[in-house]
2 protein chains.
Amino acid sequence: MASIKDVAAEAGVSVATVSRVLNDHPSVSADARTRVLAAVEALGYRPNAVARSLRTDQTRTLGLVISDVLNPYFTHLARSVEEEARALGYSVIIGNADERPDLQDHHVRTLLDRRIDGLLVSPTDGGSPLMLDAARSGTPMVFVDRWIAGVDVPVVRSDGRTAVHDLVAHLHGLGHRRLAIIAGPAATTTGRERVEAFRQALAAYGLPLPDSHIGQGDFQAESGRRAMERFLDLAEPPEAVFAADNLMALGALDAVRVRGLRVPDDIALAAFDDIPWFVHTDPPITAIAQPTGELGRAAVRALVDRIEGRPPESVTLPARLVARRSCGEPASAEPRALRKPPVLQEATASTEPSPATNRSQS
Amino acid sequence: MASIKDVAAEAGVSVATVSRVLNDHPSVSADARTRVLAAVEALGYRPNAVARSLRTDQTRTLGLVISDVLNPYFTHLARSVEEEARALGYSVIIGNADERPDLQDHHVRTLLDRRIDGLLVSPTDGGSPLMLDAARSGTPMVFVDRWIAGVDVPVVRSDGRTAVHDLVAHLHGLGHRRLAIIAGPAATTTGRERVEAFRQALAAYGLPLPDSHIGQGDFQAESGRRAMERFLDLAEPPEAVFAADNLMALGALDAVRVRGLRVPDDIALAAFDDIPWFVHTDPPITAIAQPTGELGRAAVRALVDRIEGRPPESVTLPARLVARRSCGEPASAEPRALRKPPVLQEATASTEPSPATNRSQS
DNA sequence: CTGAAAGCGCTTACAG
DNA sequence: CTGAAAGCGCTTACAG
């Protein structure tokens with residue numbers, strides 16, 4: 001592979017001049033420039049990014065550590081992150097933690113070793129020493145979706161509180177009184193918050209949330225399945241179950257089906273996180289939708305602000321309830337306004353209609 | 001951030017000794033080793049991977065350029081690639097081409113600039129000059145899923161021919177005679193092959209495949225939707241439609257639903273690529289399943305063989321038909337053997353039951 | 001406008 | 001077993 005020396009030799013100039021041409025430095029003669037460019041062309045020369053990074057101490061690369069690539073919510077997030085990063089001249093390296101703190105640490109370490117310019121993370125847990133060190137030692141960092149309390153890192157997330165209240169109102173309106181939740185890990189902010197919001201909303205209706213109606217999940221399908229099985233084994237099973245993420249909802253749906261029962265006839269089901277497939281499941285699933293694409297883009301902007309010395313902004317965007325058919329909604333409840341099928345919007349559009357945003361300084 | 005010099009100073013040895021300890025070089029005294037290790041610990045030192053790569057001319061990184069991250073098939077593939085790579089001591093950087101040749105080139109270029117040790121690609125098109133150059137210039141490379149003819153690059157893929165024949169037999173057995181296909185781009189091998197296999201299978205039954213029954217898609221949902229609309233507009237619409245990938249099937253399902261029609265009552269639908277959600281759609285979708293995880297792992301092994309100087313092997317694995325309910329199968333046709341819900345197997349297991357494999361030298 | 005030189009943080013023959 | 005030194009491919013003050 002041709003190096004800058006080869007180019008310099010071919011063009012009859014010094015490597016310094018070649019470097020200047022390559023970096024658009026103003027003080028290069030037109031003549032030198034054309035000769036260098038010709039040499040670059042002739043040799044098919046491409047600068048070695050590794051060498052450049054070593055010298056400049058920047059990689060123009062962002063690290064993104066997500067909790068689970070197989071979760072469409074995070075896939076969507078990752079995609080929007082990469083798009084925005086590319087628009088700003090950065091590459092992104094994705095690390096998949098698979099909801100495992102050890103794997104998360106592995107990726108953080110690898111990313112740090114590669115000297116990425118900044119780190120975007122959606123932590124799987126309350127923060128390993130490594131993660132905390134990274135945050136404190138000044139590595140530019142931004143939390144997306146989930147965050148860790150007590151560290152001075154901007155957070156870009158969506159607030160599902162209002163939407164959860166809307167959901168409970170919706171369930172109540174449909175006549176459901178015995179409500180249950182399949183929660184995410186208590187070590188994650190989203191795991192805790194969704195249960196809290198649910199509990200508060202129930203309280204507003206004077207409804208109880210007994211421990212037997214809180215299933216402990218880990219955001220993965222299998223745990224949703226187990227939690228739903230336990231609910232169904234109860235002497236008096238819940239009438240409606242709210243799964244704190246889409247994969248647990250899928251597992252729960254499985255559990256219901258395996259018993260030969262039906263959603264929503266035998267039990268209602270709703271999920272946090274809306275994904276294209278929820279339109280097509282049997283029945284279509286009522287869910288709380290986050291502005292995922294906008295979240296990813298805002299996170300990148302915050303991180304790049306931080307990297308480039310501008311004050312980064314924490315951002316909180318609202319989530320919203322999308323009522324479909326899995327809670328026993330009457331046929332008319334299917335949102336006719338969404339006739340343009342969401343799968344296509346989500347899967348092919350690079351920008352969602354941007355929702356009203358609440359921004360708050362970090 | 002502490003450098004090797006700081007460690008050397010702290011330990012009272014030369015940087016060469018520090019380097020030897022870090023790289024497990026045998027000729028280091030026990031004493032020096034302990035002092036170095038202590039210094040590393042004390043300073044929280046982590047070797048700079050950028051500097052190491054520049055010096056050793058290897059990054060221990062693989063590039064993976066996939067056609068579309070939002071496609072669960074590729075997400076699954078990417079995950080298994082990362083797992084196997086990690087097991088072999090490599091990192092992987094994923095580039096999402098979004099089925100766009102220009103974006104694909106962007107990622108290949110970026111990856112090459114970073115001097116990744118090898119490249120795994122599932123080409124979106126017939127091969128840009130850049131891609132061809134890379135292949136010919138000796139960059140270790142392996143094609144996964146899709147490939148480009150005429151270049152000497154090992155291919156790891158699955159052969160769907162038999163499964164497509166099985167599908168046609170299945171459709172024929174259910175009484176369908178007017179069959180149609182939503183094809184992938186002719187510029188991709190999988191796009192062409194699936195149509196070819198379908199055409200041959202139809203011929204075996206003496207069934208025609210008129211041009212009006214070949215919808216041209218691009219592997220994305222929107223194109224499946226449009227193709228299905230055109231089929232439904234036909235004076236005599238097909239009785240069964242085979243979508244050449246899962247996203248186009250989803251789009252097609254949408255188109256059917258929007259017209260107020262039902263699958264399979266009004267029209268049967270089958271898809272290439274099986275994904276966890278197909279179990280839960282309404283109706284559950286009959287699909288051709290690839291051994292995706294095994295494909296990803298085999299591709300990594302082939303690439304690493306190539307990188308480390310061993311002869312790489314092309315691998316072809318069989319795909320298989322999974323009959324469900326979307327083609328008008330009788331209720332008993334739902335695979336009871338699969339009672340353990342596929343969503344959980346796919347989403348949480350890291351290894352599928354390994355299918356019989358056909359291996360052929362590249 | 002241009003080039004010689006230093007240096008980024010490592011690894012690795014070479015000499016001892 | 002150990003260290004001094006060269007060098008990987010760049011960029012960038014510094015001097016001219």
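All chains are named by letter (A, B, ...) in the order of the sequence lines, taking the proteins before the strands, and each is independently numbered beginning at 1. Because the structure is a prediction, the values reported are computed rather than measured.
One distance of note links CG of A:Leu130 with CG of A:Leu112; it measures 6.5 Å at 0.5 Å rounding. Expressed to the nearest 0.5 Å, how far CG of A:Asp117 lies from CG of A:Leu119 amounts to 11.0 Å.
Residues in residues 140-151 of chain A take part in these side-chain hydrogen bond (donor to acceptor under 3.5 Å, both in side chains) pairs, two or more places apart or across chains: A:Ser67-A:Arg146, A:Tyr73-A:Asp145, A:Glu99-A:Arg146.
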Could you spell out the base pairing of DNA chain C in dot-bracket, with Watson-Crick or G-U pairs whose two distances are under 3.5 Å, [ ] crossing and | to another strand? |||.||||||||.|||

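No side-chain donor from either of B:Asn96 and A:Glu82 sits under 3.5 Å from a side-chain acceptor of the other.
Residue B:Ser29 is in sugar-phosphate contact alone, with no base atom involved, counting any heavy-atom pair closer than 4.0 Å across all strands shown. Using a 4.0 Å heavy-atom distance criterion, B:Ser3 is classed as a sugar-phosphate-only contact.
When the P atom is compared between D:dA13 and D:dG9, the two are found 23 Å apart, to the nearest whole Å.
Every residue meeting the side-chain contact (heavy atoms from CB on, under 4.5 Å) condition with B:Ala85, not counting sequence neighbours, appears here in chain and number order: B:Leu62, B:Tyr90, B:Val92, B:Val300. B:Arg33 meets the side chain to side chain donor-acceptor pair (under 3.5 Å) test with no other residue; sequence neighbours excluded. Among residues two or more places apart in sequence or in another chain, the side-chain contact (heavy atoms from CB on, under 4.5 Å) test is passed with B:Ala2 by B:Asp6, B:Leu43, B:Tyr45. Partners of A:Ala42 under the side-chain contact (heavy atoms from CB on, under 4.5 Å) rule, at least two apart in sequence or in another chain, are A:Glu10. Not counting sequence neighbours, the partners of A:Arg46 by the salt bridge (Lys or Arg N to Asp or Glu O under 4.0 Å) test are B:Asp113. Residues passing the side-chain contact (heavy atoms from CB on, under 4.5 Å) test with B:Thr61, sequence neighbours excluded: A:Arg114, B:Thr59, B:Ser91, B:Ile93, B:Ile116.
Counting heavy atoms from C-beta outward, A:Met131 and A:Val151 have side chains that stay 4.5 Å or more apart.
Looking at residues 9-17 of chain A, you'll see A:Val13, A:Ser14, A:Ala16, A:Thr17 sit with a heavy atom under 4.0 Å from some atom of DNA chain C. The stretch residues 106-119 of chain A has no heavy atom under 4.0 angstrom from DNA chain C at all. Residues from residues 45-63 of chain A with heavy atoms under 4.0 angstrom of DNA chain C, sorted by number: A:Leu54, A:Arg55.
Under a 4.0 Å N-O distance rule, the pair B:Arg86/B:Glu83 does not qualify as a salt bridge.
The outermost nucleotides of DNA chain C lying under 4.0 Å from heavy atoms of chain A, listed 5' to 3', are C:dC1 to C:dG9.
A donor-acceptor pair is defined here as one N or O able to donate and one able to accept, closer than 3.5 Å; no such pair exists between the side chain of B:Ser19 and the backbone of B:Val15. Without hydrogens or angle criteria, B:Asn48 side chain to B:Val50 main chain gives a donor-acceptor distance under 3.5 Å. Side-chain atoms of A:Arg60 come within 3.5 Å of backbone atoms of A:Gly89 as a donor-acceptor pair (strictly under, hydrogens ignored).
Closest-nucleotide positions on DNA chain D for A:Arg20 and A:Ile4 were compared, and the one nearer the 5' end corresponds to A:Ile4.
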